[in-house]
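Scroll down for the structure; my scribbles are underneath it.
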Amino acid sequence: MTAVESSVATLDPEEARRLRRERLERIGSWVLPLAIMVLAIWLWDRICVWNEIPQYILPRPGVVLQTLYNDAALLFGSLLVTLRITFLGLLLAVVGGVGLAVLFAQSKWVEMSFFPFAIVLQVTPIVAIFPLINIYVDNQTAKLLLCAWIVAFFPILSNTTLGLNSVDRNLRDLFRLNGATRWQELWHLRLPAAMPYFLGGLKIAGGLSLIGAVVAEFVAGASGQSSGLASRIIEAGYRLNAPRLFAALILISLAGIVIFLVLSLVSHLILRRWHESALKQER
Amino acid sequence: MVPSTTVPGMEGSGKPLLSLRAVGKTFSNGVTALSNVDMTIREGDFLSLLGPSGCGKSTALRIIAGLTAPTTGTLDWSRKPGEESSVGFVFQEPTLLPWASVFDNVWLPLRLKGVSRSDAAPAVSQLLERVHLSGFENAVPRELSGGMKMRVSIARALVTKPRVLLMDEPFAALDEITRFKLNNDLLELWQDERFTVVFVTHSVFESVFLSNRIVVMAARPGRVFQEVEVDAPYPRDEAFRTSPAYAALCRQASDVLVSAINSTHGAAA
Ligand SMILES: Nc1ncnc2c1ncn2[C@@H]1O[C@H](COP(=O)(O)OP(=O)(O)O)[C@@H](O)[C@H]1O
Ligand SMILES: [Mg+2]
C-alpha cells in the first residue's frame, strides 16, 4: 500500500514536468521559427542601413513589401500564369505517373522494360533537355507543361509503383480465394493500398512541378514571350530593379509553401482515419 | 494409430467432405513441407491440425483452400454436381482492409461476386450481430481491439456461407481472456450454422477445447503423426474448461504431441 502511494507521489511531479515540456514544445514549434524569421528580416534591414547598401543591390524589406503592393497587378498576374503551368503540370504528372505505375504493376516485364526510361528522364537535368523541347514543340504552353511534367512525374511514378507492389500477401490471397478479377484486385486492393505512397509522392511532386514551371520559363524566357514570374525576375534583373526581383522571388517561395501545405492537408484528410502517418500527426 | 470412428452423440461428423490422398508438397527451394498426407474431413467436423511450428500446418491449409497446388497426391471434394467448393479463410492476422469500415470489410467477398451493398446488407448485419459487433459497422479496423478485428475477420470468412471454414492459428496473437471468449463464440457459431472447420493451432489446450478430432502432425518432413478423437460432448463451455475430463483429454493429446516431436528428433539424428 505504501509502496503504491509513494510511487504515485514520485510519478506526479515527473508527469507534470513532462506535460509542461510538451506544452512548451508545442508553443515553441510555432514561436521559435517565427521569431527567427522576424529577427532575420530585421537584421536584413539593419545591414542595408548600416552599410548604406544601395537599393538596386539589396533593397530593404520594407521597400520589397512596398513593391509587392505597388506592382501587385503585374506580379500576381504573373504568379497566376506560373501557377497555371504548375497545376496543369502536376495534374499531368498525377495522370501520367499513376497511369504508368498501374501499367507497370500489370507485369514485372513491363516494369523492367520501361522503368529505365523513366529514370533517364529523371536524372537528365531539365535545363539540358529544354533546347530539344524548344526545337520539337511549337506551342509555348505545351513546352512549359512538358518541362513541369518531366520534373514532377517521377516521384509519383516511383512511389505509386512501390505502393502497388507493397500489398499484404494474405490480402492478395483473400482476393484470389474470392475469385477477384485483376481489375477488382487493382481497384479494391492495390490502388487504396498505394494511396499513402502516392500522396507522399504527390507532396514532393507539387514542389517539383513549381520548380519545373519556373525553370522552364527561365530557359524559355530568353527566347520567348512568356509572362510568368520567372520572366518578371529576368526582366527585373536586366533593369536592376532589385525590389521587384525580390518581390517575385518571395511570391515563388510562398507559392511553394502553400502548395506543400495544401497537399499535406489533402493527404492528412484522406489518410487520417486509417493510416499510421496521419495518426502521428493527430497527436 | 487410433482408428477414427464417429463418436456417438456428437454433433457433426457426417459424410466425408474432403479427402487428402497421399498429398505432398515440396517448394522450389527444396523444402519438403508435406509428405504423404492422408486425411479425411467429414461434414460438420471441427478438425484441428496440431503440431510444432514448421510441420506444414499452414501449407496443408493453403492446399485445402486451393491457394497452393500439391506437388503429389490429390484432393477429393465430395460435392454435388455444379456446387462450388467454397471455403472461408481466417488468417493469423486479421488481414482487414485498413481503409474500409467494418461493414465494407465483411461485405468484400460478396462485393467481389457482384452483390450490391444493399443486397448484402441483411447478411452482413446478421453476421456482425452473430460475432457481437453490432453498432461497429462504421468503425475502421484501427479503432478496434485485436479480438474485435478477429471477429470481423471471422464474419468476413462466413459471409459467403462456405462449407468449410479454414483457420490458421487465428487466435495465437490474442491474450488468453480474449482467446477464451472467441473460442466460446466460435463454437457457438459452429453449432448453430453447422459448417465444417479446419483449425490450425499449436496449442494443445485450444485444440482439445474446440475440436472433435485432432490431427497431430510431425515435422521434417511434415506428415500426419496420429489422429486423436476428442470424446467429449458439445456444447462445451467454461465449465468444461475446468473439468477433470478436459484435463485428461489434454494430457492424452499432449502425450501424442510429445511423441510426434520426439519422432522428429529421432529422424533427424
Ligand atoms: N512459400 C514457401 N517457400 C518455401 N518454403 C516454404 C514456403 N512456405 C512454407 N515453407 C516451408 O515449409 C515448411 C512448413 O511451413 P508451414 O506450412 O508454414 O508450417 P507451420 O504452419 O506448421 O508452421 C517450413 O519449413 C517452411 O519454411
Ligand atoms: Mg503456420
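So you know, we letter chains A, B, ... as the sequences are listed, proteins then strands, and number each from 1.
Closest approach of A:His188 and B:Leu112 over heavy atoms only: CD2-CD2, 4.0 Å. Listed here is the closest heavy atom pair of B:Arg142 and A:Arg272: NH1-O, 3.1 Å. Contact between A:Pro192 and B:Trp99 at its shortest, heavy atoms only, is CB-CE2, 3.2 Å.
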Between A:Asn178 and B:Leu110, does the side-chain contact (heavy atoms from CB on, under 4.5 Å) criterion hold? Intermediate values first, please.
CA-CA 8 Å; A:Asn178 285 293; B:Leu110 293 176; over 6 Å; no

Test side-chain contact (heavy atoms from CB on, under 4.5 Å) on B:Phe91 and A:Leu171 and set out the steps.
CA-CA 9 Å; B:Phe91 301 88; A:Leu171 274 173; over 6 Å; no

Start with the C-alpha gap between B:Glu143 and A:Arg273, add the side-chain angles, then the distance that decides, and say whether side-chain contact (heavy atoms from CB on, under 4.5 Å) holds.
CA-CA 9 Å; B:Glu143 296 159 357; A:Arg273 274 202 87 189; 3.3 Å; yes

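Of the atoms belonging to A:Arg172, not a single heavy atom falls under 4.5 Å from chain B. Contacts between B:Arg111 and chain A at a heavy-atom distance below 4.5 Å involve backbone atoms as well as side-chain atoms. With a 4.5 Å cut-off on non-hydrogen atoms, A:Asp168 touches chain B through its side chain but not through its backbone.
In the displayed structure, B:Ile177 atom CD1 is contacted under 6.0 Å by at most 12 heavy atoms of other residues, nucleotides or ligands. Annotation: B:Phe136, atom CZ; neighbour count of heavy atoms from other residues, nucleotides and ligands within 6.0 Å does not exceed 12. The number of heavy-atom neighbours closer than 6.0 Å to CE of A:Met112, taken from other residues, nucleotides and ligands shown, is above 12.
The CZ atom of A:Phe175 lies 4.5 Å from the CG atom of B:Leu108; values are rounded to the nearest 0.5 Å. Distance check: A:Asp173 CG to B:Phe89 CZ gives 7.5 Å after rounding to the nearest 0.5 Å.
Of the listed residues A:Leu177, A:Thr181, A:Asn170, the one with more heavy-atom pairs under 4.5 angstrom with chain B than any other is A:Asn170. For the set B:Ala65, B:Pro109, B:Ala100, the count of heavy-atom pairs under 4.5 angstrom toward chain A peaks at B:Pro109.
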